[in-house]
There are 2 protein chains.
Amino acid sequence: MVLMATKTQRTERRTDALSKERIVEAAIEILDADGESALTFRALTTRLATGSGAIYWHVANKNDLLAATTNDVIARVMTDVASGAEPREAIRAIALGVFDAIDAHPWVGAQLSREPWQSAMLQIFESVGGQLQALGVPERAQFASASALVNYILGVAGQNAANARLLPRETDRTAFLATVAARWAQHDPAEYPFVHQVATQLSEHDDREQFLAGIDLILAGIGTIDPGSS
Amino acid sequence: MVLMATKTQRTERRTDALSKERIVEAAIEILDADGESALTFRALTTRLATGSGAIYWHVANKNDLLAATTNDVIARVMTDVASGAEPREAIRAIALGVFDAIDAHPWVGAQLSREPWQSAMLQIFESVGGQLQALGVPERAQFASASALVNYILGVAGQNAANARLLPRETDRTAFLATVAARWAQHDPAEYPFVHQVATQLSEHDDREQFLAGIDLILAGIGTIDPGSS
DNA sequence: ACCTGAACACCGTTCAAGT
DNA sequence: ACCTGAACACCGTTCAAGT
C-alpha cells in the first residue's frame, strides 16, 4: 500500500504530516515519559521535527494543547467503561477508571482540577449523571448529587497528581506514604491530635480502596435522599 | 515608641527590614490584586524595593512562597472558625470558611489542590477530623470520612479557582454561569442528555449552597456507618 | 547576616518569509 | 494552506560582590 502510494500520490499528504492528533499524541508521550515540566514547545518541535509556528497552526496555545491531551485520555476511559452494569457499580467503575487513568498519567489529574468546565469534565459529569438517573435519584437532587461525586473525583485527582509530582520517580507508594506519615507524626500531638492519631492508618491504607470508600460514602448519602413526590 | 527608639536602637533593625512575613504579605497583595500570573519575583522586588537575591534569602523558591501564602490564609480561616458549635455545624462552618476564603482569594484554591500534603491542608484535615470524633464516628471510619470531606473541599477549591481564572474580572457570577449553561446546552442532546437536562439548573444554582449540599450528602453518608463495636 | 542586581538558562508566543 | 525558525518579551534562579 505505502509503496504503491509513492507513485500515484496526488491529493494525499505525506503520511507524517502534522495534525492536531499527532501533536496531542506526541505531547502525551512527553508528559508520560518526563512529566508536566518537560512539555515545552521546544521539546515538541524537536520530537516532531518541525518549527514552533507549525504547532501553533494546529493548536491555539499551550492551554489548548493540555486540554486536548486530557480530553483524549478521559475519552478513552469513558468508552472503556460505558458498558451497562448496575448503576451503583457503574459509578464505581467510572470513578475507578478516572482514578487509574490519573495513576497512569498523573498530569491528567492536575489538568482536570485546573480546567473543570472543559470537555473532559463534561464527559465524567455526563456518565455519572446518567447513572444517577438510572439509580432513581429524584430529579431535583440529580444535579447536586452528580456535582458532589464529580467534585470529589476532582479533589482526589488533584491530590494524586500532586503526590506523583512529589514522588521521586517510581518510588513505591508504601514507602512514600511512610514518609508522609512520619512527617505527620512529627507534629505536636497537642496541636494536631487527629492528624497524629491517624498517621499510622495513613501509611497502611490503600489509596485506591480509600478513594472508593469515599465514593461509597457519597453514594450512601445519596441513598438517604427522600424520593419525594417527583 | 518609634520616635524614642530612633535614638537608642541597637540590636533593632530598621522597621521595614525584609522578613518572610513581609514577603508573604506583599505576595498576597499582588495575588489578590492581579492574580496568580502577576506574582513574579520581579514584581515582588519592585514592590519591596529590593533585589531578587534578598527574597531568596528568606524564601527557598516560588513554591515555598506560594505554600506560605496559602498557609497564611487558611490559618486565619481556621482560627476564626475554631469556636465550639455542634460538630455537624462546625464541619459546615469549616467547609464554608474555606469556600469563602477561596472566593476572596481564588489563587488559594489552585494552590490547595496542588500541594495537598502542605501545612494548609493539614490544618483543614485536623479541624474536620476533630469534629468527626466529636460526632461519634467510629474510629475505624474516621480517617476515610475525613479524607472524603477534605477531598471534596479540595475538588471544589480547584474548580472555584479555575472559574475565577476564567471570569473576565468582576463579572457577576450569574452572568458567568449563564454563559457556561449556554455552552452546555449547545452540546448534542443525544450524546449528552444529562448535561443538557441540568443546564438550566446550572444557571440558576447558588455555588455556595450547592457546595454545602455536597458536604451534607457526605455527612449523611457518614451517618449511615454502623457504629459497630468501636 | 543580609542585601544588590547583573547574568544565565530557560520559557510561550509571534511573525515575516518561505513552499 | 501549511510550515520554518529567528526574534521578542518575558520567566525563576544563581552568585559574585557589597555592607
Side-chain angles (χ1 to χ4, degrees), chain A residues 9-31 33-70 107 110-111 114-115 118 162 165-166, chain B residues 9-31 33-70 107 110-111 114-115 118 162 165-166:
Chain A
Q9 65 185 359
R10 207 177 306 201
T11 51
E12 293 183 8
R13 312 209 161 274
R14 54 189 168 104
T15 41
D16 64 336
L18 263 188
S19 65
K20 185 154 182 176
E21 292 83 53
R22 261 180 49 85
I23 294 171
V24 166
E25 194 186 337
I28 290 178
E29 284 167 18
I30 293 174
L31 287 164
D34 300 305
E36 292 168 67
S37 66
L39 182 65
T40 67
F41 278 77
R42 277 159 184 83
L44 263 180
T45 56
T46 306
R47 186 178 207 102
L48 293 167
T50 181
S52 53
I55 295 172
Y56 276 94
W57 182 263
H58 296 278
V59 152
N61 51 40
K62 196 173 180 179
N63 257 336
D64 182 33
L65 177 58
L66 276 170
T69 57
T70 307
W107 48 273
Q111 187 58 20
R114 210 179 292 140
E115 305 248 314
Q118 225 60 41
R165 219 174 298 128
L166 288 178
Chain B
Q9 65 184 1
R10 207 178 305 203
T11 51
E12 292 183 8
R13 313 209 159 273
R14 52 188 169 107
T15 41
D16 65 333
L18 264 188
S19 64
K20 185 153 182 177
E21 291 83 55
R22 259 178 54 82
I23 295 172
V24 166
E25 194 186 337
I28 291 178
E29 282 167 17
I30 294 174
L31 287 163
D34 299 305
E36 293 169 66
S37 64
L39 182 64
T40 68
F41 277 78
R42 277 160 184 80
L44 262 180
T45 56
T46 307
R47 188 178 206 101
L48 293 167
T50 181
S52 53
I55 294 173
Y56 275 94
W57 181 263
H58 296 279
V59 153
N61 51 41
K62 196 172 181 180
N63 257 334
D64 182 32
L65 177 58
L66 277 170
T69 57
T70 307
W107 48 273
Q111 187 58 20
R114 211 177 290 141
E115 305 247 314
Q118 225 60 43
R165 220 175 296 128
L166 288 178

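Owing to the predicted nature of the structure, the values given are computational and were not obtained by experimental measurement. Just so we're on the same page: letters track the sequence lines, and every chain starts at 1.
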Minimum-distance nucleotide (side-chain atoms of B:Y56 versus D:dG12, C:dG12, C:dG5): D:dG12

Interatomic distance where CG belongs to B:L44 and P belongs to D:dT13 [whole Å]: 12 Å

Pairing partner (Watson-Crick or G-U wobble, both distances under 3.5 angstrom) of D:dA16: C:dT4

Separation of atom NZ in A:K62 from atom C1' in C:dC10, rounded to whole Å: 12 Å

Contact nearer the 5' end of DNA chain C, comparing A:F41 with A:G53: A:F41

Distance, rounded to the nearest Å, where A:K20 contributes NZ and D:dA1 contributes P: 18 Å

Sugar-phosphate, base or nothing in reach of A:L39, heavy atoms under 4.0 Å: sugar-phosphate

Under-4.0 Å side-chain N/O to phosphate OP1/OP2 contact, B:W57 with C:dC2: yes

B:D64 CG - D:dG12 C1' separation (whole Å): 14 Å

With A:V24, the side-chain contact (heavy atoms from CB on, under 4.5 Å) member among A:L66, A:T70, A:L65: A:L65

Interatomic distance where CD1 belongs to A:I55 and P belongs to C:dT13 [whole Å]: 11 Å

Between C:dC2 (P) and B:L48 (CG): distance, integer Å: 16 Å

A:L18 side, atom CG; A:L48 side, atom CG - distance, nearest 0.5 Å: 5.5 Å

Salt-bridge present (A:R114, B:E36; N to O < 4.0 Å): no

Any A:H58 side-chain nitrogen or oxygen under 4.0 Å from OP1 or OP2 of D:dA1: no

Candidate nucleotides D:dG12, C:dT13, C:dG12, ranked by approach to the side chain of A:T40 - the nearest: C:dG12

Nucleotide nearest B:R42 when distance is taken to its side chain, options C:dT14, C:dA7, C:dC3: C:dA7

Heavy-atom pair with the smallest gap, counting every atom of A:A67 and A:Q111: N-NE2, 3.9 Å

Proximity to the side chain of A:S52 - top-ranked nucleotide from D:dG5, C:dC3, D:dT14: D:dG5

Qualifying residue, where the test is side-chain contact (heavy atoms from CB on, under 4.5 Å) with A:L39 and the options are A:D34, A:L31, A:I28: A:L31

Rounded distance in Å - CG (A:N61) to P (D:dC10): 18 Å

